[in-house]
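The figures here come from the full heavy-atom set of this structure, side chains too, leaving out hydrogens, waters and symmetry mates. Predicted, not measured: the structure shown is a model, and the values here were computed from it.
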2 protein chains.
Amino acid sequence: MEQALVDAAERVLVRDGLGGLTVRAVAAEAGVAPMGVYNRFGNKDGLVAAVLVRGFGGLAAAVGEDTDVDPTARLLASGRNYRRFALAHPQHYAAMFGPGLSQAAPTAELADRADAAFTALVDRVRYGMDRGVLRPGDPRGTAQLIWNAVHGAVSLELGGLVLTPDAGATYEALLQVLVDGLR
Amino acid sequence: MEQALVDAAERVLVRDGLGGLTVRAVAAEAGVAPMGVYNRFGNKDGLVAAVLVRGFGGLAAAVGEDTDVDPTARLLASGRNYRRFALAHPQHYAAMFGPGLSQAAPTAELADRADAAFTALVDRVRYGMDRGVLRPGDPRGTAQLIWNAVHGAVSLELGGLVLTPDAGATYEALLQVLVDGLR
DNA sequence: ACCTCGCGTAGAACATCGTTCTACATTGAT
DNA sequence: ATCAATGTAGAACGATGTTCTACGCGAGGT
């Protein structure tokens with residue numbers, strides 16, 4: 001039943017966006033009374049946290065999807081898959097990184113999932129360092145640097161603030177600059 | 001009087017954050033009735049748009065602040081000042097880039113201000129290209145690439161999602177990677 | 001000088017949101 | 001079969017954005 005509520009929340013989120021994600025709408029979509037949300041998740045934040053857990057799971061899966069043997073290709077694939085996930089699930093991405101990010105007290109499970117997604121990137125950075133295509137150093141710091149850049153590109157693109165004619169080309173250029181600058 | 005309302009809105013935004021920025025709170029802070037907001041700005045979005053206009057003005061000023069003759073130093077200064085502005089005015093930054101970015105219909109003046117801030121960066125990129133420290137190409141595309149990366153770093157840092165011990169050092173590393181990769 | 005008219009204001013009112021409260025049904029145990 | 005407990009449904013409460021309804025105050029005409 002919690003699953004049914006989270007499913008309903010995801011449908012409402014995709015259909016009506018983050019603004020339309022209300023307790024009443026989710027409860028109606030799931031065919032229960034609004035109280036069901038509070039019985040199962042405590043409050044609205046708990047429900048959206050459950051949705052975000054799925055979102056971070058999908059993001060981690062996307063980042064770790066391709067496993068090219070070539071370390072540079074593997075890194076580039078992660079970057080492309082990151083953007084692909086965000087463009088395929090823009091409302092999820094906005095909910096994951098949009099509101100206040102920190103003001104909403106993150107669940108322990110949510111933090112775990114987010115950390116898992118980050119760790120997937122760290123592993124790929126370490127893979128690249130071990131094979132010499134990335135300058136040696138702290139893999140977590142380098143992964144954070146890459147995440148910063150990639151998140152900014154995706155975030156601005158979802159917000160319609162990428163003013164270049166081809167956002168995909170600009171994104172590819174960013175990935176290339178990153179691997180060049182980190183070599 | 002519009003100015004008084006925008007001043008009040010900025011005080012409320014800084015004091016109570018984006019969530020506390022309500023029509024009633026702003027009206028009370030300005031000492032007028034809530035209707036004053038609707039008479040002057042149409043609705044709440046118009047009021048926050050006026051606040052964001054100021055925000056983008058400050059961002060543009062920060063990006064264009066230092067004018068080192070060395071093109072690389074000028075670019076790095078812009079990047080550092082961008083982050084400094086965001087850390088000094090986190091609520092403004094969150095309001096400018098946080099909510100939906102696109103769903104809130106942007107005012108023409110707001111778009112102008114945002115474009116002015118972006119143009120300040122484009123000018124610096126062109127300066128760097130002309131003096132040979134950046135690979136030649138479309139200055140707007142390169143500026144967008146830089147903006148993407150820098151915005152992501154600042155956005156994640158404000159959200160508390162920079163997991164490295166020293167966010168400032170990670171930011172500096174990102175700037176260095178950008179100038180290296182774009183050389 | 002007084003009356004009138006019009007515009008902006010103040011405060012109540014409405015719909016919706018998150019959240020809580022109050023009965024009521026349903027289920028499992030004794 | 002009775003009873004307790006749990007979860008449900010629906011109303012209800014405070015707050016929000018927005019709108020409606022009188023009210024006041026100043027400008028213009030006689």
Side-chain angles (χ1 to χ4, degrees), chain A residues 1-53 55 91-92 94-96 98-107 110, chain B residues 1-53 55 91-92 94-96 98-107 110:
Chain A
M1 156 131 182
E2 303 190 2
Q3 209 154 354
L5 272 171
V6 179
D7 289 344
E10 278 191 313
R11 285 196 299 272
V12 172
L13 176 63
V14 170
R15 181 181 356 111
D16 302 329
L18 191 54
L21 188 65
T22 76
V23 172
R24 287 175 174 84
V26 172
E29 175 78 23
V32 303
M35 268 302 292
V37 172
Y38 296 91
N39 290 330
R40 307 291 176 178
F41 298 97
N43 54 16
K44 181 184 177 180
D45 287 343
L47 174 63
V48 306
V51 174
L52 297 194
V53 163
Q91 289 90 354
H92 280 75
M96 289 158 68
L101 283 164
S102 60
Q103 62 191 18
T107 315
L110 185 56
Chain B
M1 157 131 182
E2 303 190 2
Q3 209 155 352
L5 271 172
V6 179
D7 288 344
E10 278 191 315
R11 285 196 299 272
V12 173
L13 176 63
V14 170
R15 179 179 1 110
D16 303 329
L18 191 54
L21 188 64
T22 76
V23 172
R24 286 175 174 84
V26 171
E29 176 78 23
V32 302
M35 268 303 292
V37 172
Y38 295 91
N39 290 329
R40 306 292 175 177
F41 299 97
N43 54 15
K44 181 184 178 182
D45 286 343
L47 174 62
V48 306
V51 174
L52 297 195
V53 164
Q91 289 90 354
H92 279 76
M96 289 157 67
L101 284 162
S102 60
Q103 63 190 18
T107 314
L110 186 56

Margin query: With a strict under 4.0 Å distance from non-hydrogen atoms of chain A, what nucleotide opens and what nucleotide closes the contacted stretch of DNA chain C, reading 5' to 3'?
Written below: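 Listed 5' to 3', the contact boundaries are C:dC17 to C:dC21.
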Notebook entry, point to check: Is the phosphate of D:dT6, meaning OP1 or OP2, less than 4.0 Å from a side-chain N or O of A:Asn39?
Noted result: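 Answer no for this pair, as no side-chain N or O of A:Asn39 is under 4.0 Å from OP1 or OP2.
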Notebook entry, point to check: Within the structure, does a side-chain N or O atom of A:Arg40 lie under 4.0 Å from either OP1 or OP2 of D:dT8?
Noted result: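 Answer is yes, contact under 4.0 Å.
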Checklist line | Closest contact, heavy atoms only, B:Ala95 versus B:Leu18 | finding: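 In this case the closest contact between B:Ala95 and B:Leu18 is CB-CD1, 3.8 Å.
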Check: Nearest heavy-atom pair of A:Arg24 and A:Pro34: which atoms, and what distance?
Finding: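 Answer, listing the atom of A:Arg24 first, then A:Pro34: CG-CG, 4.2 Å.
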Checklist line | Near-strand residues of residues 4-15 of chain B, defined as heavy-atom separation under 4.0 angstrom from DNA chain D | finding: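 Heavy-atom cutoff 4.0 Å gives no residues at all.
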Checklist line | Stretch residues 27-38 of chain A: residues that reach within less than 4.0 Å of DNA chain D through a heavy atom | finding: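 Those residues whose heavy atoms fall under 4.0 Å from DNA chain D, taken from residues 27-38 of chain A in numerical order, are A:Val32, A:Ala33, A:Met35.
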Item checked: Side chain A:Lys44, main chain A:Leu21, donor-acceptor under 3.5 Å ->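 The answer is yes, because a donor-acceptor pair under 3.5 Å joins these two groups.
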Margin query: Using modelled atom types and a 3.5 Å cut-off, is there a donor and acceptor pairing between side-chain atoms of B:Asn43 and backbone atoms of B:Gly46?
Written below: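 Yes, the answer is positive, given that a donor and an acceptor are paired below the 3.5 Å cut-off.
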Checklist line | Partners meeting side-chain contact (heavy atoms from CB on, under 4.5 Å) with B:Val32 (sequence neighbours left out) | finding: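 Testing B:Val32 for side-chain contact (heavy atoms from CB on, under 4.5 Å), a comparison that skips the adjacent residues, returns B:Met1, B:Leu5, B:Ala27, B:Ala30.
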Item checked: Listed partners of A:Val51 passing side-chain contact (heavy atoms from CB on, under 4.5 Å), at least two apart ->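 side-chain contact (heavy atoms from CB on, under 4.5 Å) check on A:Val51 returns A:Val6, A:Ala9, A:Glu10, A:Leu13, A:His92.
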Note to self: Tell me every residue that passes salt bridge (charged side-chain N to carboxylate O under 4.0 Å, His left out) with A:Arg15, counting only those two or more places apart in sequence or in another chain.
What the structure shows: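 A:Arg15: salt bridge (charged side-chain N to carboxylate O under 4.0 Å, His left out) contacts with A:Glu29.
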Next item on the list: Check salt bridge (charged side-chain N to carboxylate O under 4.0 Å, His left out) between B:Asp16 and all other residues, then give those that pass, not counting sequence neighbours.
Entry: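 With sequence neighbours excluded, B:Asp16 shows a salt bridge (charged side-chain N to carboxylate O under 4.0 Å, His left out) to no residue whatsoever.
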Check: A:Phe41 CZ to D:dG7 P: how many Å, rounded?
Finding: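 Atom CZ in A:Phe41 sits about 14 Å away from atom P in D:dG7.
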Check: Could you state the CG-C1' distance from B:Leu47 to D:dT18, rounded to the nearest angstrom?
Finding: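 Going from B:Leu47 (CG) to D:dT18 (C1'), I get 14 Å.
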Checklist line | Sequence-distant partners of A:Asn39, side chain to side chain donor-acceptor pair (under 3.5 Å), two or more places apart | finding: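 Listed in chain order: nothing, the list is empty.
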Margin query: Per the salt bridge (charged side-chain N to carboxylate O under 4.0 Å, His left out) rule, what does the pair list look like for residues 32-43 of chain B, sequence neighbours excluded?
Written below: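 Not a single pair qualifies under salt bridge (charged side-chain N to carboxylate O under 4.0 Å, His left out).
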